[in-house]
Amino acid sequence: MFDIPEGMIYLNGNSLGPMPKAAPAAINSFLLDEWRTELVSGWNTKNWFMQTNTLGDRVGNLIGAAPGSTVVGDTLSIKVFQAVAAALALTPDRRIILSDSGNFPTDLYMVEGLMTLRDAGYVLRTPAPENVLDQITEEVATVMVTEIDYRSGRKHDMQAIISKAHSVGATVVWDLAHSIGALPVDVASTDADFAVGCTYKYLNAGPGAPAFIYVAPRLLDTVQPALSGWFGHEAPFAFDLDFRPMPGKIDRMRIGTPSIAAFSLLDAALNIWDHVDMKDLQKASIELSEAFIREIEARCSDLKLASPRDPNQRGSHVSFEFEHGYACMQALISEGVIGDFRSPNIMRFGITPLFLNLNDIKQAVVILEKILVTKAWAKPEFQKRALVT
Ligand SMILES: *Cc1c(COP(=O)(O)O)cnc(C)c1O
């Protein structure tokens, strides 16, 4: 179902998923059968205006969200800002935002920007991930954490963090960037308050594909959209001069005109997910990951596992520390095995069962072993850092 170049072993679906075979026809159909023929009428005739919600429901379904509680659009950085701003407004007397030192930097940067903008004495705490639970106290306004650590793959205990936060009157914003499409998530049964994530990683909707935001249905009438765009208005086409959020609906978290071209690619990617059972997927991911770790530890003793050894404590990528990790990854890529590198010394491999099998995993390790044995990574061409690592 994916169009992956011949001979490539793609172990980076956790960063950018590969192109579904159905993607070219989907975007072509958007261009020729929608934009070209309908022009501005497409907002009605092709339902462009509500695709934030119809696609949002399909994305939400992958994380256990009830229909009407998820919308897509914008980028994940923006959705983080939106969710944290909305969460803070729910506990106006508190000033502590709790995250962790393993969080993806843009999440922390967006919160820093929000704190500067609010200028109300907010403090962002970033303890080590394993100390988050202990630091959830009655001072905390909101906890903002990423379930799966982008570097190590370590998994937070969603239920434990939510239960503790709720017991002290705090909320939690989950970043599910490395969870959605990687493992089962259930925002409803865990009683999550907010969740955000992107669709270009495990969901395979293409570079820059729209992000999503989930808000618990119990909060939909109270959350204040800090980014109050006209798509979130109660009556966008009344063109009122003041903002009134859409009452009781997730629509209030919409902002402005989304990319309908990008939505066509998301739609094509979601058609694949309609046939995937997340429990089966996780089982396959664990089998492949365990094989990958076993093979690397047997053949590549220079590499040290940087992910939790217990597969139930991991997401769907596996990381190894290696002093020459960057150069080694470049050497691997030159041989058609695509992973990535995260500073300072992490080689990261996405294990995505929709398009990888045991042969791919074993073959990748054979190539890696050869690079290590021959020290091919030491060649000058593998030392130069690219703009994107
Ligand atoms: C990938 C990722 C992002 C990326 O944010 P964009 O706005 O899409 O660039 C943010 N947060 C986390 C946790 C991620 O894994």
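Ligands are counted one by one from 1 in listed order, and the atoms in each one are counted from 1 as well. In what follows, every heavy atom counts, from backbone to side chain, and hydrogens, waters and symmetry copies are set aside. Keep in mind it's a predicted model, so treat the numbers as computed, not measured.
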Worksheet item: Given Arg58, which of Asp274, Thr70, Asn53 fulfils the side-chain hydrogen bond (donor to acceptor under 3.5 Å, both in side chains) condition?
Response: Asp274

Worksheet item: Does any donor atom in the side chain of Ser152 or Ser319 lie under 3.5 Å from an acceptor atom in the other side chain?
Response: no

Worksheet item: Are Asp100 and His156 linked by a side-chain donor-acceptor pair shorter than 3.5 Å?
Response: yes

Discussion item. I'd like to know if the side chain of His178 reaches the main chain of Glu147, judged simply by a donor and an acceptor atom lying under 3.5 Å from each other, with no hydrogens or angles considered.
Written reply: no

Worksheet entry | Lys/Arg-Asp/Glu bridge criterion (N-O < 4.0 Å) met for Lys155, Asp310 | no

Worksheet entry | Test log, rule salt bridge (charged side-chain N to carboxylate O under 4.0 Å, His left out), inputs Arg309 and Glu290 | CA-CA 9 Å; Arg309 191 163 289 279; Glu290 291 290 278; over 6 Å; no

Measure from every N or O atom of ligand 1 to the protein's N or O atoms and keep only the pairs below 3.5 Å, writing each with atom names and distance to 0.1 Å.
unit_1, atom_1, unit_2, atom_2, d
ligand 1, 7 (O), Leu76, N, 3.4
ligand 1, 7 (O), Ser77, N, 2.8
ligand 1, 7 (O), Ser77, OG, 2.7
ligand 1, 8 (O), Tyr200, OH, 2.6
ligand 1, 11 (N), Asp107, OD1, 2.7
ligand 1, 11 (N), Asp175, OD2, 3.2
ligand 1, 15 (O), His178, NE2, 3.0
ligand 1, 15 (O), Lys201, NZ, 2.5

